> 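Please find one structure pasted underneath; my questions will follow.
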Protein chains: 2
Amino acid sequence: MAGNRKRWSDRLYIKDLADRVGETHILEGWVQFTRKSGKIRFLGLRDGSGIIQCVMVREEMDDQYFDLFSQLKQETSIRLTGVVQASDRSQFGVEILAKEIEILGISNQFPVTPKEHGVDFLLGNRHLWLRSKKQVAISRVRSTVIQALRDFLFQSHFVQMDSPILTQSVGEDPSGLFAVDYFDLGTVYLAQTGQLYLEASIAAHGRTFCFGPTFRAEKSKTRRHLTEFWMLEAEMAFFDNDDNMDFEEDMIKFVIQRVLEQSEWYLRQLERDTDRLKSCLTPFKRLSYTEAVDIVQKKGSSVQWGDDLGAADETMLTEDSDVPAFVYNYPKAVKAFYMKNNQEDPRTVKCADLIAPEGFGEIIGGSQREDSLELLEKRIKEENLPIENYEWYLDLRRYGTLEHSGFGLGLERLVGWICGIPHIREAIPFPRLMERVTP
Amino acid sequence: MAGNRKRWSDRLYIKDLADRVGETHILEGWVQFTRKSGKIRFLGLRDGSGIIQCVMVREEMDDQYFDLFSQLKQETSIRLTGVVQASDRSQFGVEILAKEIEILGISNQFPVTPKEHGVDFLLGNRHLWLRSKKQVAISRVRSTVIQALRDFLFQSHFVQMDSPILTQSVGEDPSGLFAVDYFDLGTVYLAQTGQLYLEASIAAHGRTFCFGPTFRAEKSKTRRHLTEFWMLEAEMAFFDNDDNMDFEEDMIKFVIQRVLEQSEWYLRQLERDTDRLKSCLTPFKRLSYTEAVDIVQKKGSSVQWGDDLGAADETMLTEDSDVPAFVYNYPKAVKAFYMKNNQEDPRTVKCADLIAPEGFGEIIGGSQREDSLELLEKRIKEENLPIENYEWYLDLRRYGTLEHSGFGLGLERLVGWICGIPHIREAIPFPRLMERVTP
């Protein structure tokens with residue numbers, strides 16, 4: 001084992017010190033900040049589990065250690081021995097009275113200082129920017145959100161069925177595909193969705209999901225687009241469009257509850273108004289596309305019945321709302337071929353988008369799926385999709401077809417809303433944009 | 001809500017019927033098999049939560065329902081109403097006395113019958129093959145393994161930091177990269193590893209992982225290669241090579257324990273000898289590369305000190321073993337540039353591969369990472385890698401470098417071993433091979 005460190009599972013970290021006042025411990029981590037106040041020196045030590053203030057007083061430590069202070073530049077890695085003391089200013093209610101310090105790795109002129117930097121500079125230094133207070137908080141919330149979604153799915157008896165990335169052209173938007181040269185088989189594409197594969201797996205497992213990177217080669221430079229993003233997709237046998245909305249609403253509430261329980265400290269670092277999130281634990285709104293068009297028209301939108309709702313329309317719909325809103329049953333013409341025809345109004349399909357409040361826009365798109373072989377074949381032909389690529393998908397309607405529904409959730413959009421950050425490029429560790437694929 | 005179904009969260013499935021003997025329930029699912037025995041008809045109903053035997057007796061149901069039996073071909077989807085009865089032959093200890101049956105979706109001549117099929121036929125019908133008993137079991141175990149790995153990481157205070165797929169050429173094997181044309185930025189590649197990105201994130205979070213699809217454009221057609229596979233990668237600040245092995249061993253044992261608890265039924269479907277898995281809950285072997293070479297040479301291998309160990313050598317090493325074996329400190333020349341130089345024997349690096357028992361081969365590759373800026377720059381130059389692509393990676397040694405270690409685990413290899421299946425193409429829902437990218 002390294003140095004005098006204990007077995008990995010027995011080590012103490014900053015997060016573990018809350019009830020250890022008076023004990024002496026060794027911590028390893030990075031200098032987040034330093035400051036002087038008269039004869040006293042302070043440093044913020046970050047070890048990955050949290051940040052703690054360490055106090056350096058000449059009378060309390062050897063000169064050889066105290067005099068290291070001038071070398072403790074931002075992001076220097078150190079090993080620090082000290083005594084845990086109560087403090088009401090800190091994340092864990094304690095601070096450290098430093099006794100010994102050892103420099104492990106120097107750090108001169110760390111590029112990302114607490115001052116303002118341009119976006120391009122920050123994105124170019126994303127590998128270092130990730131250490132800053134706000135980015136640490138966003139990453140923590142993202143990780144908590146992911147596991148919350150997964151825990152909800154597992155407790156709801158889902159099976160994870162990973163869908164492939166390398167696929168023939170099957171999906172929603174043939175124009176936005178990244179192409180890959182694949183051995184002797186020619187061009188294949190990076191999947192835009194795993195939905196069709198999930199539909200194949202529900203006959204085996206009833207409820208399935210996949211959760212991984214998804215690709216869109218769209219020439220969009222909005223604050224809500226990434227070329228590579230994470231999507232949770234779920235598919236449920238014997239669920240109709242209403243079941244789908246019920247499930248999504250339960251899931252989102254579960255996630256918000258979990259984040260409030262586990263990540264409130266990090267939401268505070270982001271200055272997120274957590275009351276806005278708490279108010280989403282009440283019933284969501286549900287309105288038809290037709291009602292939604294009426295509402296946004298009255299607010300001045302030029303959208304006409306039959307048009308897709310734009311980001312501005314979505315903002316209008318929920319800017320004054322405390323809770324997310326489902327908009328259901330869109331016109332068939334603006335939605336994907338696999339959505340189920342709505343017999344009560346055949347101009348529309350049985351689908352629902354979930355729009356976040358406070359203008360954060362769409363976070364989930366879902367629908368009941370067309371389960372009739374004839375109607376599905378007809379739609380594929382109407383859309384001029386290469387039907388030979390969909391033969392296997394049509395098989396699912398040939399052999400024991402069933403009522404079923406599912407949805408796709410954009411992880412970065414959900415994290416962006418929960419964190420209250422306007423641009424989703426900060427909601428993923430290493431964002432890929434039209435003009436950026438590094439670091 | 002669809003039909004007369006309850007709210008999604010209140011519905012009963014086959015798995016819930018064990019303690020409901022005497023109650024009447026409605027089930028929806030697929031006909032897995034049928035058989036006759038005298039006047040009695042049997043059908044196996046699968047609803048995704050499990051399989052149950054349903055008994056049809058003319059005296060117990062209306063003729064209109066009993067006479068449907070001849071239409072209940074394999075994979076027909078049906079709604080069945082019946083009474084729960086005790087039975088000691090079934091997954092959940094109960095069977096159903098059928099009362100009413102409704103056909104939801106027909107199924108004529110389902111292609112994947114219980115008889116033997118060729119591999120190519122099965123892979124071509126993967127979307128249907130997934131419903132068969134053995135494939136259902138493998139998918140279940142895979143899903144359980146994934147969540148077990150994640151639960152272990154979260155309880156060990158890891159943060160999920162998703163690494164990008166679209167990257168410049170950074171990784172292990174420049175020859176095995178899939179190329180993608182990326183807007184105006186030219187050619188980018190599908191990542192072979194997220195490790196370098198994880199190394200960037202440990203200064204923020206201490207312990208991080210990523211878990212997603214990984215790509216290798218290798219022209220390999222072995223039973224242990226996929227062009228797209230899932231890899232768990234983890235990286236830990238202030239872990240040395242021994243810590244790394246300790247952690248991996250704890251993690252694998254946690255997974256085996258979880259699978260034995262939650263998936264023993266499915267392991268029985270696969271005829272897996274679970275005693276072999278249970279014996280892996282004892283300490284793993286640890287041997288140096290040099291010791292390993294001695295052992296396999298004595299068994300007849302032609303491997304020489306300095307060569308990489310091949311799959312045949314790995315098999316020899318553990319074919320008689322009850323437990324997995326770590327082989328540590330390989331020659332520098334056969335390992336990646338980022339592995340830490342071993343000062344005690346500079347011909348070698350501080351690394352360890354974990355080899356599964358019973359000849360299932362390598363499942364984890366890990367190492368301590370080179371934390372010296374100078375040594376790392378030297379290695380990048382020695383390997384003729386494009387150093388300008390690694391400047392951001394070198395930054396991690398410029399600003400607060402530290403002792404750290406990590407590993408990559410091949411999910412399909414782990415699942416293959418646990419399930420006892422020789423070819424990993426069955427350990428992923430939709431395998432991608434050199435010659436196959438559909439369905």
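Protein chains get the first letters and strands the later ones, always in sequence-line order, with residue 1 at the start of each. These figures come from a predicted structure and were not determined experimentally. When reading the values below, keep in mind they use all heavy atoms of this one structure, side chains included, and skip hydrogens, waters and symmetry mates.
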> On the ring face of A/Phe247, is B/Arg7 found with NZ or CZ under 6.0 Å from the centre and within 45° of the axis?
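The answer is no; the distance or angle limit is not met.
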> Within the 3.5 Å criterion, strictly below it, is a donor on B/Asn125 or A/Trp392 matched to an acceptor on the partner's side chain?
no
> Could you check whether B/Asp243 pairs with A/Arg11 (Lys NZ or Arg NE/NH1/NH2 to Asp/Glu carboxylate O, under 4.0 Å)?
yes
> Between B/Phe183 and A/Phe178, how do the two ring planes meet: parallel, tilted or perpendicular, split at 30° and 60°?
perpendicular
> Please tell me whether B/Tyr182 and A/Thr227 have a donor and an acceptor in their side chains that are separated by less than 3.5 angstrom.
yes
> Would you find a donor on one side and an acceptor on the other, under 3.5 Å apart, between the side chain of A/Ser77 and the backbone of B/Leu402?
no
> Which atoms of A/Phe110 are under 4.5 Å from chain B, going by heavy atoms: the side chain, the backbone, both sets, or neither?
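Both backbone and side chain of A/Phe110 come within 4.5 Å of chain B.
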> Suppose a student defines contact as a heavy atom less than 4.5 Å from any heavy atom of chain B. Which residues in residues 142-151 of chain A would they list?
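Answer by number: A/Arg142, A/Ser143, A/Ile146, A/Gln147, A/Arg150, A/Asp151.
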> Would a distance-only check, ignoring hydrogens and angles, find a side-chain to backbone donor-acceptor pair under 3.5 Å from B/Glu228 to A/Leu166?
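Side chain of B/Glu228 to backbone of A/Leu166: a pair is present.
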> Side chains of B/Arg207 and A/Tyr13: do they bring a donor and an acceptor to under 3.5 Å?
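Looking only at side-chain atoms, A/Tyr13 and B/Arg207 do form a donor-acceptor pair, the distance falling under 3.5 Å.
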> So which bits of residues 432-439 of chain B come within less than 4.5 Å of chain A, counting non-hydrogen atoms only?
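Under the 4.5 Å heavy-atom cut-off, B/Arg432, B/Leu433, B/Met434, B/Glu435, B/Arg436, B/Val437, B/Thr438, B/Pro439 qualify.
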> Check whether A/Phe238 forms a cation-pi arrangement with B/Arg79 (NZ or CZ under 6.0 Å from the six-membered ring centre, at most 45° off the ring normal).
no
> Under 4.5 Å between any side-chain heavy atoms of A/His205 and B/Ser139, yes or no?
yes
> Give a yes or no on whether the backbone of A/Asn244 and the side-chain of B/Trp8 come within a donor-acceptor separation of less than 3.5 Å.
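The answer is no, because no donor-acceptor pair under 3.5 Å joins these two groups.
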